[in-house]
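Reading through the structure tokens given below for one structure.
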Amino acid sequence: MNSLWNRFVYTVQADLHTMLDKKEKKNPIAMLNQYIVEAEKQTQSVGKLLERQGKLKLALEKEYAEAAAMVDKRRNQLQLAETTGEEDLIAFAQAEIHAYETRAADLAKSVTESANELMALERKFEEMKHKVKDMKVRQLQLMGKENVTRAHRRMDKFISPEQADAHVSNVEEMKQYIENLDRNISRDYETSSMERRLESLEKNSAKTAEIV
């Protein structure tokens, strides 16, 4: 039963891939357009993560600056406590200095790591944007080729009667129409000319009869 089910699944998947391949071959530009839309969405999503990483780096730098400032403050306070000889204040200031120095050292390491990570992300992000831009350029190139192909097909249908369909008038049809129109005009002209000559004969005949 499982073997039959797996065979059915593989058959469906194969048919699906075949259908997608045919769709891509039939309209590659539409598939590229869809791919570009997805790539732009991913780029925007990564851009937001990059922006958040920059804010986190600034927050770490702020924490480091505050910790370093507190180290300096507690050192000054320790000097004052040592001049007064107040042991409890001296012990408190020393503990504070140790705590803030430890925190500042840890934050300094984090700031450096964050800066390096942000720089690496920015390089990859720029590379990602270049890839999307390259795809857009490729899109324009393919659209141009598609447009040229369509133009050639329409001109070929127009010029070549064997390629014309029921919706497109070709050169031969237009030529035939012009020839028919020329024959009709020529026939009408000849008829009119004959009528004028006959009328002229009638007038001349009438004048001759009057003279006689």
Review point. Hey, does Lys129 have a side-chain heavy atom less than 4.5 Å from the side chain of Glu126?
Key: yes
Check your understanding: Leu58, Leu50: one ILVMFWY side-chain cluster at the under-4.5 Å cut-off?
Key -> no
Review point. Less than 4.5 Å apart, any side-chain heavy atom of Tyr64 and any of Asp106?
Key: no
**Study point:** Spacing of CD1 belonging to Ile36 relative to OG1 belonging to Thr43, to within rounding of 0.5 Å
**Key:** 11.0 Å
**Study point:** Any donor-acceptor N/O pair, Asn116 side chain to Thr112 backbone, under 3.5 Å
**Key:** yes
Practice item. Please report the shortest heavy-atom distance between Leu107 and Leu60, naming the atom on each side. Key: CD2-CD2, 4.1 Å
Which pairs would a plain distance check flag for residues 85-96, meaning a side-chain donor or acceptor within less than 3.5 Å of a matching protein atom at least two apart in sequence or in another chain?
{"residue": "Glu96", "atom": "OE1", "partner": "Arg74", "partner atom": "NE", "Å": "2.9"}
{"residue": "Glu96", "atom": "OE1", "partner": "Arg74", "partner atom": "NH2", "Å": "3.0"}

Point to revise | Salt-bridge criterion met for Glu61 and Lys57 (N-O under 4.0 Å) | key: yes
Check your understanding: If only atom types and distance count, is the side chain of Thr102 paired as donor or acceptor with the main-chain N or O of His98 below 3.5 Å?
Key -> yes
Check your understanding: Given the rule in the side-chain contact (heavy atoms from CB on, under 4.5 Å) test, do Glu38 and Lys41 qualify, once you have shown the distances and angles that lead to the verdict?
Key -> CA-CA 5 Å; Glu38 293 299 324; Lys41 288 182 180 178; 4.1 Å; yes
Revision key, fill the gap. Of all heavy-atom pairs linking Leu121 and Gln53, the shortest is CD1-CG, 4.0 Å
Exercise for review: For the residue pair Thr83 and Gln79, establish whether any side-chain heavy-atom pair is separated by less than 4.5 Å.
Suggested key: no
Check your understanding: Side-chain contact, heavy-atom cut-off 4.5 Å: Lys131 with Met128?
Key -> no
Review point. Closest approach of Ala104 and Ala68, non-hydrogen atoms and distance?
Key: CB-N, 4.3 Å
Exercise for review: Dump the intermediate steps for side-chain contact (heavy atoms from CB on, under 4.5 Å) on Met135 and Glu40, then the final yes or no.
Suggested key: CA-CA 10 Å; Met135 283 191 289; Glu40 287 180 331; over 6 Å; no
Review point. Going hydrophobic residue to hydrophobic residue with side-chain gaps under 4.5 angstrom, can you get from Leu49 over to Val132?
Key: no
Check your understanding: Less than 4.5 Å apart, any side-chain heavy atom of Arg103 and any of Glu66?
Key -> no
